[in-house]
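This report concerns only the one structure given below.
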Amino acid sequence: MRIAVLVKQVPVLSKMEFDPASRRLRREGVPNEVSAFDVRALVKAVELSAEQGGEVVVFTMGPPQASEALLECLALGAHRAVHLCDPDFAGSDTLATARVLAAALRRESFDLVLCGKHSVDAETGQVGPEVAELLGLPFASGARRLEVDSGKIRVERETDSGTEVLEVDLPCVVSAGEDLAPERFSTRAEREAAKSKPIALVGRSDLGLAREDVGLPGSPTEVRDLETVVTERKLEMLEGPTVEAVVEKLVERLLAHGLFRGWSSLPEGPARPRATGAVERPGPKDIWVFAETENGSVRRVTFELLGKAREMADRLGSSVQAVLLGHGVRSRVEELAAAGADRVLLADDERLGWPSAETYAGVLAPALEKFRPGIVLFPSTTLGRDLAPRLAARFGLGLTGDCIDLDLDAEGRLVQYKPAFGGNVVAPILSRTIPEMATVRPGFLERPSPGERGTCESLPLDVPELAPAKVRLLERRREAEAATALDDAEVVVGVGKGIGEPAALSRIEPLCEVLGAALCTTRDVTDAGWLPRQYQVGLTGRAIAPKLYLAVAIRGAMEHMVGVRRARIVVGINKNPKAPLFKSVDYGIVADWAEAVPLLVEKLRAARASAR
């Protein structure tokens with residue numbers, strides 16, 4: 001079995017600094033490493049090679065120093081490496097990068113291509129599905145288990161609310177999730193032995209690519225600038241003669257912010273000046289929103305996107321069109337109209353019952369060619385992150401993934417605000433192609449209040465004759481359905497490994513109940529199997545934006561706290577006064593959670609009863 005692994009060398013995020021004077025990231029002296037998800041992909045590839053026989057070839061695209069990443073991969077067991085290195089590659093966005101990687105992969109024949117779910121610096125998750133689309137291969141994202149079986153593979157993958165088991169035809173492309181394999185580091189002896197393994201240097205001309213296909217000329221997106229993200233916290237440590245007195249102070253602070261009364265007094269989140277008024281835009285102006293459903297209901301992020309689309313369409317003098325695919329979804333048309341859609345493009349067909357990116361792309365592609373919208377927005381969900389890149393690669397379009405905000409510039413172009421490097425900076429990105437495309441993280445845009453918009457036109461979309469699926473659903477488990485509430489929750493309680501044991505999670509439930517809160521956790525907890533991976537918040541998990549985040553027995557490492565950067569109020573409870581958590585809170589309590597939480601529940605119940 002021949003396996004290709006795509007890896008990226010990234011800077012160590014905790015060492016990165018932003019220079020506000022030059023508006024650039026300081027890279028001097030910052031060590032590099034192979035992106036964590038890519039390491040997992042490589043370790044799994046080596047394991048499969050040992051089981052099946054064959055060869056593991058690792059590919060990276062980057063400057064000369066990226067050879068260090070290849071050496072590490074060879075030390076971890078890859079048989080040989082290909083370094084795609086050419087000055088012409090500089091400045092490549094995800095699509096230009098995918099073109100280079102796809103061209104390199106075409107030079108050989110591989111049964112399986114593995115890559116990380118996303119790189120921990122840019123966090124796009126676009127290169128894998130774009131490579132798959134350019135190669136005409138099936139794709140499965142976020143694999144947590146992978147088995148090879150006579151010309152097919154069985155993939156168990158993470159979704160927003162649980163897991164799916166897929167059967168995928170070989171050859172294919174698969175991205176690695178957190179649990180696919182352990183993150184491993186090479187030994188000195190392994191690195192020495194790796195020096196004898198071959199690394200092939202390949203440039204643009206070797207791949208038969210034109211200059212305009214790669215680098216800045218071949219990139220349909222451009223970064224306009226970098227903005228630092230400054231989140232000011234009060235850093236108030238609450239003190240008192242007893243834990244009960246300190247908890248009483250915390251409840252007073254939260255009530256003053258409007259807890260149980262509608263959040264009337266909240267600190268402002270990170271904001272930027274926003275243009276208003278009508279704006280002219282040449283070319284197509286209509287805005288499409290991909291309306292995602294789950295369990296027959298429209299997901300909240302769809303309404304968030306419709307609200308933003310309505311705001312921009314009113315400035316452009318254009319229409320908002322929701323695109324609704326699925327089976328048994330026709331009843332949701334008026335709901336989308338009330339949220340801001342002028343028209344719903346509808347495909348209600350039993351063949352669309354399982355939301356497969358492969359199948360949905362087959363419906364959306366001809367619709368895009370027929371109607372030619374100006375802007376297309378997708379949610380940054382399991383489906384949206386797979387579907388949007390496939391369409392972008394198919395049509396050569398610019399795509400910005402995981403945006404946290406959108407706006408229009410003076411020329412009517414879509415400004416897509418993308419966080420990077422763990423959310424330490426935000427990059428405003430523009431597209432050079434039409435339609436402009438973006439995926440947007442749930443919870444970062446305001447959900448509009450339902451309105452009366454009159455009659456909404458529903459236009460049927462053709463569902464073409466579909467080729468036999470190369471990715472087939474075998475099983476679906478909604479084992480973490482409650483985790484999807486994190487996208488919508490105004491209050492979130494985070495629990496760390498400091499609670500001591502999984503049985504202690506039941507003692508957190510009353511706190512979630514009295515606050516009406518969703519539950520989240522850290523990587524340590526999910527690694528230990530106390531909660532499913534979907535509950536993980538942080539650098540390798542999800543990002544949330546609640547009005548209140550209450551961290552219980554969480555150490556507060558950077559890798560977790562970047563996931564709650566957009567929370568309006570952060571409260572921390574930890575018995576260690578030196579915990580890093582207290583550098584990132586508005587209100588902190590130094591106390592044993594087992595004593596503080598029951599007292600907090602008692603006082604919150606009383607406060608809630610009084611508010612009623």
Side-chain angles (χ1 to χ4, degrees), residues 4 6-8 10 35 38 59-62 84-106 113 115-119 121-139 141 173 175 202-204 207-224 290 357-358 361 364-365 368-369 372-378 380 384-403 413-418 420 427-440:
L6 313 180
V7 305
K8 183 180 181 183
V10 298
S35 187
D38 296 346
F59 291 75
T60 197
M61 188 183 97
L84 304 166
C85 184
D86 192 307
D88 288 348
F89 296 156
S92 293
D93 69 359
T94 56
L95 183 57
T97 299
R99 285 195 191 108
V100 173
L101 291 167
L105 291 166
R106 285 192 196 99
V113 180
C115 60
K117 183 169 68 172
H118 59 67
S119 62
D121 57 346
E123 306 168 47
T124 63
Q126 292 169 206
V127 170
E130 288 182 336
V131 166
E133 181 67 27
L134 293 171
L135 294 175
L137 297 178
F139 174 73
S141 63
V173 181
S175 71
V202 175
R204 176 184 60 77
L207 300 175
L209 293 171
R211 178 68 185 90
E212 58 269 21
D213 292 331
V214 300
L216 288 173
S219 298
T221 61
E222 59 177 313
V223 178
R224 188 168 70 177
F290 179 76
E358 178 186 11
L364 280 175
L368 285 170
E369 290 183 302
R372 299 188 179 277
I375 296 171
V376 183
L377 306 178
F378 294 84
S380 284
R385 290 189 186 103
D386 289 356
L387 177 57
R390 294 208 73 128
L391 291 168
R394 187 172 300 190
F395 293 109
L397 299 173
L399 169 66
T400 304
D402 268 18
C403 297
R413 296 177 298 179
L414 181 68
V415 185
Q416 305 145 58
Y417 292 95
K418 161 130 185 101
I429 297 177
L430 299 173
S431 296
R432 300 190 180 104
T433 50
I434 300 294
E436 299 161 291
M437 294 178 63
T439 69
V440 182

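Side-chain atoms of Thr221 never come within 3.5 Å of backbone atoms of Gly398 as a donor-acceptor pair (strictly under, hydrogens ignored). Counting only distance, with no hydrogens or angles, the side chain of Arg99 and the backbone of Gly218 share a donor-acceptor pair below 3.5 Å.
Pairing each heavy atom of Ser141 with each of Asp386, the nearest pair is OG-OD2, 2.9 Å. Considering every non-hydrogen atom in both Pro220 and Asp93, the closest pair reads CD-OD2, 3.1 Å. Between Gly203 and Phe89, the shortest heavy-atom contact is C-CZ, 3.9 Å. Taking all atoms of both residues into account, the shortest heavy-atom contact from Leu137 to Arg390 is O-NH2, 3.0 Å. Looking at every heavy atom in both residues, Ala98 comes nearest to Glu130 through CB-CB, 3.7 Å.
Atom CG of Leu391 sits about 8.5 Å away from atom CG of Leu397, to the nearest 0.5 Å. Atom OG1 of residue Thr400 and atom CD1 of residue Ile429 lie 4.0 Å apart, to the nearest 0.5 angstrom.
Listed by chain and residue number, Asp402, Thr439 satisfy the side chain to side chain donor-acceptor pair (under 3.5 Å) test with Ser380 (two or more places apart in sequence, or in another chain). Every residue two or more places apart in sequence or in another chain that forms a side chain to side chain donor-acceptor pair (under 3.5 Å) with Glu436 is listed here: Arg281. For Phe139, there are no ring-ring contact (aromatic ring centres under 6.0 Å, His included) partners two or more places apart in sequence or in a different chain.
In this structure, Ser219 and Arg432 have side chains that are in contact, with non-hydrogen atoms separated by less than 4.5 Å.
Using a cut-off of 4.0 Å between Lys/Arg side-chain N and Asp/Glu carboxylate O, Arg204 and Asp88 are scored as salt-bridged.
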